[in-house]
Amino acid sequence: MNERNFYITTPIYYVNDKPHIGHAYTTILADVLARCHRSLGEPTFFLTGTDEHGQKVQKAAAARNITPEAHCDETVIRFQELWRELGITNDKFIRTTDPEHKRVVSEILRELYDRGEIYKAEYTGWYCVGDERFFTEKDLKEGKCPECGRDVSEIVESNYFFKMGQYREWLIDYIETHPEFIQPSFRANETLGFLRKDLGDLCISRPKTRLAWGIELPFDRDYVCYVWFDALINYISGVGYRSDEKLFEKWWPASYHLIGKDILTTHTVYWPTMLKAMGLPLPRTIFAHGWWLTGSTKMSKSLGNVINPMAMIERCGVDAFRYYLLAEMSPGQDASFTEENFVARYNSDLANDLGNLLNRVVNMTCRSAAGAIPAPGESTGEEQEFNDAVSGAIEAMTSAITGMKLDQGLAAVMNAVRAGNRYLEKTAPWALAKKGETAKLNTVLFTAAEALRKVAVLLMPVMPSKMAELGHALGYEAEAFAALKLSDLTRPTDIAGRKVNNLGGLFPRIEVEAAQASAPKAAEEAVNVADPVTIDEFFRTQLKTAKVLTAERVQGADKLLKLSIEVGAETRQLVAGIALYYTPEAMVGRTIVIVANLKPAKIRGIESQGMLLAAKVGDQLKLVTVDGEIASGASVG
RNA sequence: GGCGGGUUAGCUCAGUUGGUUAGAGCGUCGGAAUCAUAAUCCGCAGGUCCACGGUUCAAGUCCGUGACCCGCCA
């Protein structure tokens, strides 16, 4: 491998999973690093993809009554579309169902088997029929299934094992002598801790009777290859191992395997020993990043607090999302994702500092320099100070890329941007224009514009399309600007004389009023428990769901809406005092909750056959509704 | 229970091999300015650097003990 070639991978994601912020973060981080290294002029290869075999896919496909292949073909699109949306520039998307990958896995299995690295053994385990899962003695909790607590049955099964244990000493030594191999270093410690206990052999098969959806073992057609042995090989099959040796020579060993900390052991123990057995060199660095947390809880599907990346993008744009993820997490540590935090950082860094600086420069150039960036006059200490901050940012960003500290690099860039705003305050070009000090004015406008150009190049890997817009604002053709590299920043600039374009706000501020309204203070009224109702009393009130068919304002009453609603088979009329909070149009089609056995009453001469439920605090009112689709007339309680 | 890491301004965190008044960003407050997305700039806010003990001329920075938190493993 050429030292200057950069090959980076993400894990291959389980195709049956729904993409979430964890997938998005790893992939964006890999993308930014890939773009950075391209920007440094290094040949770069970026691989991502999907892991498509296994029980869950088999089950999901069966449930849909389609083949696993068809299921994968459909679900893989979710990842591919998201990556397109996020501007991911992977050079290849590998799927473990690719014929090429399957052939390579099969060949490797055959070779290792022939060389005695893989053997067959019988072992006893426990099977939970309900979960359809196999457990070892150690997994069990008090003799029961650790997942569901039900009884398990003992079964004897034969499987194939990879002789992983024999490489224990070698791997310990390798990790100890290669501090860059596992990053951050405390993850290397964890791996060593794991290795200090005994290291067993790795079960790499499943009998087809239990799992049919997988790569068949070439030496025993009754078995398929199990999970990791199949999946990990993507890192080499994706760059031509056993299919295009020249390509493989070019890229292997990988510069980085980016992973989440949950799959540390598989990557720092299974994978290196597999490579050792194959006689291949190990990747230079396996980097495990942390989790995104909401509050202090791990993001996970089962906890239902997953932030949908797509939803965030709609709100703020892809580039800002990418910037936030990179600026906020110091790689390796966990980080919290909160909307408040996101808005604060967006407004502060992108809107107030960077976007505003660009706007100031463009506006003044239009007003005081006929819309073209002027050639500079003489420089003074003020220019020097600002330029130093920009140079510092270039230096910091460059070393941040190789040191995997992009958050720090971005901080240095923002520091330069702030220096830019400071520079304008000090030199006050608006005052220079009034006084007619053209030479100094030209110097200031030029210096600021040129600094922005450099900043844009530094931020391009993180925010490619926004920085393209910035380039356009400074009068560059899109393609020419996108082609600018970090390594070009030492060359003389060609910015003087360019016609600027007023974009009218590169990063519009996100106003927080909406966010505040959606998170009102808790009601202060205390609940009176001194006089409780019995359950029978409570159920004298019949609550039912109802669907709003029509809605109109009541003449002469600005607070009232007249609704016709469907309650099961019957249609009723209802008058509700919600007109200040809901328009008639907003009501139609909604499912609401009503008191169905309320004594009818006349309101403004109109009979109301029931009452709808709503929550009220202060000057806010929200309808009580149900969590999803349900027929009208359903009882609530 | 074993191993490892953490506890620094209201919040999020930096603090190299121990050494002058412990830093940044955000937030709060006061002021300036008006080219700009009510954005910007300046200033202030006095944090027992978890606690106790120790080493040292000198400790947030090394050692010990304890408390709390976290990670990996069992």
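Below, chain A is the first sequence line, B the second, and so on; all start at residue 1.
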* **A:N341 CG to B:C13 C1', straight-line distance once rounded to whole Å** => 12 Å

* Name all residues meeting the side-chain hydrogen bond (donor to acceptor under 3.5 Å, both in side chains) criterion together with A:Y256; count only those two or more places apart in sequence or in a different chain, and write none if there are none. => none

* Determine the Euclidean distance between corresponding C1' atoms of B:C26 and B:C72; express it in Å to zero decimal places. => 33 Å

* Establish, yes or no, whether the cationic atom of A:R422 lies under 6.0 Å from the six-membered ring centre of A:F386 and within 45° of the ring axis. => no

* To do: Return the nearest nucleotide to the side chain of A:F507; candidates are B:U34, B:C26, B:U37.
  => B:U37

* Roughly, in whole Å, what's the span from CG in A:L195 to P in B:C72? -> 16 Å

* Asked: Between A:N502 (CG) and B:U37 (C1'), how many Å, whole number?
  -> 11 Å

What are the atom names and distances for every N/O pair under 3.5 Å that joins the protein to nucleotides 41-43 of chain B?
from  : atom 1 : to     : atom 2 : distance (Å)
B:C42 : OP1    : A:R422 : NE     : 3.4

* Pairs meeting criterion side chain to side chain donor-acceptor pair (under 3.5 Å) with involvement of residues 391-410 of chain A, two or more places apart -> none

* Within the structure shown, what part of the strands sits under 4.0 Å from A:R345 by heavy-atom distance: base, sugar-phosphate, or nothing? -> nothing

* **Closest nucleotide among B:U37, B:G71, B:A33 to the A:L506 side chain** => B:U37

* To do: In whole angstrom, give the distance that lies between atom CZ of A:F342 and atom C1' of B:C26.
  => 16 Å

Got a list of side-chain donor-acceptor pairs under 3.5 Å for residues 444-451 of chain A, not counting sequence neighbours?
from   : atom 1 : to     : atom 2 : distance (Å)
A:T447 : OG1    : A:T443 : O      : 2.6
A:E450 : OE1    : A:R453 : NE     : 2.9
A:E450 : OE1    : A:T493 : OG1    : 2.7
A:E450 : OE2    : A:R453 : NH2    : 2.9

* Are any of the side-chain heavy atoms of A:E383 and A:T380 separated by less than 4.5 Å? -> yes

* Could you work out the separation of B:C13 and B:U7 based on their P atoms and round it to a whole Å? => 10 Å

* Within the structure shown, what part of the strands sits under 4.0 Å from A:N352 by heavy-atom distance: base, sugar-phosphate, or nothing? -> sugar-phosphate

* **Within-4.5 Å side-chain heavy-atom neighbours: A:Y25 and A:F337** => no

Please report, to 0.1 Å, the donor-acceptor pairs under 3.5 Å made by any side chain of residues 192-201 of chain A, with sequence neighbours excluded.
from   : atom 1 : to     : atom 2 : distance (Å)
A:D201 : OD1    : A:M164 : N      : 3.2
A:D201 : OD1    : A:G165 : N      : 2.9
A:D201 : OD2    : A:Y119 : OH     : 2.6

* Heavy-atom distance under 4.5 Å between the side chains of A:T265 and A:T191, does that happen here? -> no

* To do: Take A:K261 and A:V361, find for each the nucleotide of RNA chain B with the closest heavy atom, and name the residue whose nucleotide sits nearer the 5' end.
  => A:V361

* To do: Could you measure between the two C1' atoms, the one in B:U28 and the one in B:U12, and give it in whole Å?
  => 16 Å

* Asked: In whole angstrom, what separates A:D407's CG from B:A14's P?
  -> 9 Å

* Asked: In terms of side-chain heavy atoms of A:R509, which of B:U37, B:A36, B:G71 is nearest?
  -> B:U37

* Separation of A:N415 atom CG from B:A24 atom C1', in whole Å? -> 9 Å

* Look at all strands and tell whether A:A344 reaches a base, only sugar-phosphate, or nothing, counting heavy atoms closer than 4.0 Å. => nothing

* **Integer angstrom distance from the P of B:C63 to that of B:G5** => 10 Å

* Asked: What nucleic acid atoms does A:G193 come within less than 4.0 Å of, heavy atoms only: base, sugar-phosphate, or nothing?
  -> nothing

* How far does the P atom of B:G19 sit from the matching atom of B:C49, given to the nearest Å? -> 16 Å

* P gap between B:G18 and B:A33, integer Å -> 49 Å

* Asked: Taking the six-membered ring for Trp, is the centroid-to-centroid distance between A:Y270 and A:F162 below 6.0 Å?
  -> no

* To do: Give one of base, sugar-phosphate or nothing for A:L424, where a contact means two heavy atoms less than 4.0 Å apart.
  => nothing

* **Ring-ring centroid check A:F507 A:Y323, cutoff 6.0 Å** => no

* Asked: If we take the P atom in both B:G23 and B:U48, what is their distance in whole Å?
  -> 15 Å

* Structure fact -> Rounded to whole Å, CG of A:D349 lies from P of B:A24 at a distance of 16 Å

* Structure fact -> When rounded to whole Å, the CD to P distance for the pair A:E437 and B:C35 reads 16 Å

* To do: Applying side-chain hydrogen bond (donor to acceptor under 3.5 Å, both in side chains), run through A:N421 and A:E425 and close with a yes or a no.
  => CA-CA 6 Å; A:N421 279 313; A:E425 293 297 325; over 6 Å; no

* To do: For B:G10 and B:U21, measure between their C1' atoms and round to the nearest Å.
  => 23 Å

* In dot-bracket form, how is RNA chain B paired, counting a Watson-Crick or G-U wobble pair only if both its distances are under 3.5 Å and using | for bases paired to another strand? -> (((((((..((((.....[...))))..((((.......))))......(((((..]....)))))))))))).

* Asked: Out of B:C73, B:U34, B:U37, which nucleotide sits closest to the side chain of A:N359?
  -> B:U37

